[in-house]
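Just so it is clear: chains get the letters A, B, ... in the order the sequence lines come, proteins before strands, and each one is counted from 1.
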Amino acid sequence: MKLKTRIKRWIGKPVYIEHIVDSRSCQSLSSSYSGGSLAGDSVFLITDSFAYNTAFRAVAQREQLQVCCDASASYQHVVIMTELRSYQDHKAIAKQILDMAEHLAGKFTNASICVAVMICTDDLVEANIIRYKVECMIRVMAIILSKKGVVCNGLYTDSLTHLSLNTICNSIVFLCSRYGQVMDGHVIALDARG
Amino acid sequence: MKLLDYVKGRLCYEKIRPLIYDETLRRKYSTGSVVGNGLSGKTALVTGAGGGIGRAIVQRFIHEGCRVVMTDKSMGVLEHSLAQLEFGMNQAPVLLPMDLMQIDCLGEFARKVMHDYPISIWINCAGMMHEADKCGRINLDELEWRQLMSVNFDSVTTLVPIIADMMSQECVHGCIINIASILAYSLRFSHTAYAISKIGLVRYVECIAPVYAGKVSIVNIAPGTVVTPMGVGQYQSDISRCTNLLNHLIIPEEMAALVAFVAGGGVASYLSGKTIQAFAGEQL
């Protein structure tokens with residue numbers, strides 16, 4: 001250890017950095033995908049699809065997770081469900097993540113942003129570029145957001161994968177929960193390549 | 001006064017708030033279902049169930065209503081592990097000693113256990129690391145190298161085709177999960193033999209999963225540094241570290257929940273052949 005560091009530790013004052021851990025007690029819910037850790041929390045859902053909105057609200061109700069309609073309300077989680085057709089569209093998501101992070105920063109011990117991307121293009125090259133861009137974006141965003149105490153993770157799927165909306169929403173719920181914190185910066189690939 | 005404030009400001013240093021991995025924290029990460037009862041009534045086998053992540057997986061699967069077969073190298077290890085588990089009247093796990101270094105005997109063992117129990121989930125969690133491997137060179141002698149490779153890699157490549165073949169013959173979709181490691185992605189010149197065995201596991205699953213597509217899902221999960229006897233950190237100790245984005249070591253119960261979600265959350269077939277990186281942005 002450097003001499004300067006030793007002196008600081010000896011006579012200096014520590015400034016504590018908080019760790020990201022959800023150690024609240026939670027009720028046990030049957031048929032939950034979050035271990036009941038989202039019960040009583042609020043989520044702000046960003047989506048342009050009526051089908052996604054309906055499916056997620058049904059899952060949120062089961063988890064006793066309140067879905068907010070107002071961006072200025074108080075919420076612990078943000079879920080972005082969107083379809084991408086071009087690799088250039090991800091910039092809008094990045095901006096949304098940063099805006100939402102400001103809202104969540106330092107307020108909660110269990111704040112999270114989960115991005116679910118449905119890749120809707122038949123062009124294989126375009127689809128691969130979108131995949132890698134989404135993965136890189138989440139990885140970088142997670143590094144930035146961790147300093148604000150916010151977890152950022154996500155998943156993607158594609159139009160070839162006949163994955164039910166219910167399964168996608170269940171996965172989002174898991175990622176938003178305390179058990180999804182370990183996936184900070186990671187994107188789960190639920191695509192046809194499996 | 002300004003000078004004093006300046007000096008005080010310069011003397012401040014950043015420190016991560018301590019986090020003790022105790023019974024309270026362990027319990028909070030063990031409660032509630034993460035699979036919507038998707039594991040209820042199923043039977044799972046866990047290798048390396050004598051401690052660490054393996055034991056946490058057993059506890060999680062019992063909690064999810066799953067029947068569990070625990071395997072480890074000796075009955076003594078299994079009984080010690082069993083004493084630390086909580087389970088109901090009809091949930092007692094089955095204990096089966098299995099030495100993964102005896103590669104020649106594994107096939108027979110796997111066929112017998114698959115015949116005796118309706119196993120639809122097989123979790124290869126056993127792993128070993130030699131102290132000498134933690135240095136920056138391959139310091140292992142021939143015997144140590146063979147032991148490490150037997151447990152971490154050869155046992156998996158021996159067991160997976162046998163289990164997958166037998167699962168394929170059943171009507172129920174099977175799931176095999178292997179615990180890899182962040183070291184498979186590390187560029188650090190330490191834990192060399194261990195890292196080689198784990199990157200081998202990652203590539204092996206990429207190759208074999210398509211063979212059983214639609215019948216058996218084969219998935220890897222690569223955890224970061226977990227609080228286990230093999231890793232770093234100890235029960236009842238401070239696990240705060242600045243190595244990952246969460247500022248604390250991963251606790252085994254977090255990994256167990258992820259394994260349960262992959263096995264019973266309805267996503268396994270979409271993840272087959274892939275490795276889930278569960279290390280929260282950890283940098284080694």
Side-chain angles (χ1 to χ4, degrees), chain A residues 5 7-9 11-37 39 62 139 142-143 145-147 151-153 155 157 161 163-164 166-168 170-171 174 177-186 188-194, chain B residues 8-19 24-25 27-38 209-210 213 217 219 223-224 239-242 244-248 250-251 253-258 260-262 265-274 276-282:
Chain A
T5 313
I7 293 169
K8 277 187 175 181
R9 293 278 162 100
I11 54 174
K13 191 180 170 186
V15 176
Y16 282 106
I17 304 168
E18 297 297 334
H19 31 64
I20 299 176
V21 66
D22 182 4
S23 54
R24 301 169 306 152
S25 294
C26 57
Q27 54 180 303
S28 186
L29 295 175
S30 61
S31 303
S32 174
Y33 280 77
S34 68
S37 64
R62 186 196 61 209
R139 196 180 308 140
I143 295 168
L145 269 55
S146 69
K147 293 177 174 56
V151 169
C152 183
N153 53 29
L155 63 88
T157 184
T161 310
L163 189 61
S164 73
N166 191 46
T167 306
I168 292 172
N170 288 337
S171 303
F174 178 82
S177 75
R178 64 168 56 143
Y179 301 101
Q181 289 177 342
V182 75
M183 304 288 291
D184 195 8
H186 189 59
I188 300 181
L190 297 171
D191 57 11
R193 290 181 301 166
Chain B
K8 275 184 180 175
R10 293 289 292 178
L11 286 174
C12 286
Y13 64 94
E14 288 189 336
K15 186 182 178 185
I16 302 168
R17 194 176 292 282
L19 177 68
T24 312
L25 188 63
R27 281 188 182 280
K28 282 180 178 168
Y29 273 85
S30 305
T31 54
S33 175
V34 293
V35 295
N37 298 323
S217 304
V219 186
I239 58 167
S240 61
R241 300 283 192 284
C242 59
N244 65 22
L245 301 177
L246 305 178
N247 287 330
H248 65 81
I250 298 166
I251 63 171
E253 286 70 25
E254 287 180 296
M255 287 313 306
L258 179 60
F261 176 72
V262 172
V267 292
S269 56
Y270 304 100
L271 292 169
S272 193
K274 296 168 190 163
I276 300 174
Q277 297 175 8
F279 39 80
E282 183 172 339

To the closest 0.5 Å, what do you measure between [atom1] ([X]) and [atom2] ([Y])?
X: Asn37(B); Y: Ser31(A); atom1: CG; atom2: OG; answer: 4.5 Å
X: Tyr13(B); Y: Lys13(A); atom1: OH; atom2: NZ; answer: 11.0 Å
X: Phe261(B); Y: Asn170(A); atom1: CZ; atom2: CG; answer: 7.0 Å
X: Ser240(B); Y: Tyr16(A); atom1: OG; atom2: OH; answer: 9.5 Å

Closer than 3.5 angstrom, by distance alone: can the side chain of [X] be matched with the main-chain N or O of [Y] as a donor-acceptor pair?
X: Lys15(B); Y: Ile17(A); result: no
X: His19(A); Y: Arg17(B); result: yes
X: Arg139(A); Y: Gly281(B); result: no

Could you report the tightest heavy-atom contact between [X] and [Y], atom names first, then the distance?
X: Met255(B); Y: Val182(A); answer: SD-CG2, 4.4 Å
X: Val267(B); Y: Ser171(A); answer: CG1-OG, 3.4 Å
X: Tyr29(B); Y: Gln181(A); answer: OH-OE1, 3.3 Å
X: Ile276(B); Y: Met183(A); answer: CG2-CE, 3.4 Å
X: Ile20(A); Y: Leu245(B); answer: CD1-O, 3.7 Å
X: Gly36(B); Y: Tyr33(A); answer: CA-CE1, 3.6 Å

| Option from Thr157(A), Leu190(A), Leu155(A) for which side-chain contact (heavy atoms from CB on, under 4.5 Å) with Tyr270(B) holds | Leu190(A)

| note | Bottom line for Ile168(A): the part with an atom under 4.5 Å from chain B's heavy atoms is neither

| field | Engaged part of Leu145(A) at the chain B interface, taking heavy atoms whose separation is under 4.5 Å | value | neither

When you compare the side chain of [Y] with that of [X], does any pair of heavy atoms fall below 4.5 Å?
X: Ile188(A); Y: Gln277(B); answer: no
X: Thr31(B); Y: Cys26(A); answer: yes
X: Lys28(B); Y: Ser25(A); answer: yes

| task | Taking side chain to side chain donor-acceptor pair (under 3.5 Å) as the test, write out the residues that go with Ser164(A), two or more places apart. | result | Thr167(A)

| request: Just jot down the side chain to side chain donor-acceptor pair (under 3.5 Å) partners of Asp22(A), sequence neighbours excluded, or say none. | output: Arg24(A)

| note | Checked Ser177(A), Gly180(A), Ser146(A) vs chain B; the most non-hydrogen pairs under 4.5 Å come from Ser146(A)

| message | Evaluate Asp184(A) against Leu246(B) for side-chain contact (heavy atoms from CB on, under 4.5 Å), listing each step before the verdict. | response | CA-CA 8 Å; Asp184(A) 195 8; Leu246(B) 305 178; 4.0 Å; yes

So which part of [X] gets closer than 4.5 Å to some heavy atom of chain A, the side chain, the backbone, both or neither?
X: Ile16(B); result: both
X: Thr24(B); result: neither
X: Pro18(B); result: both

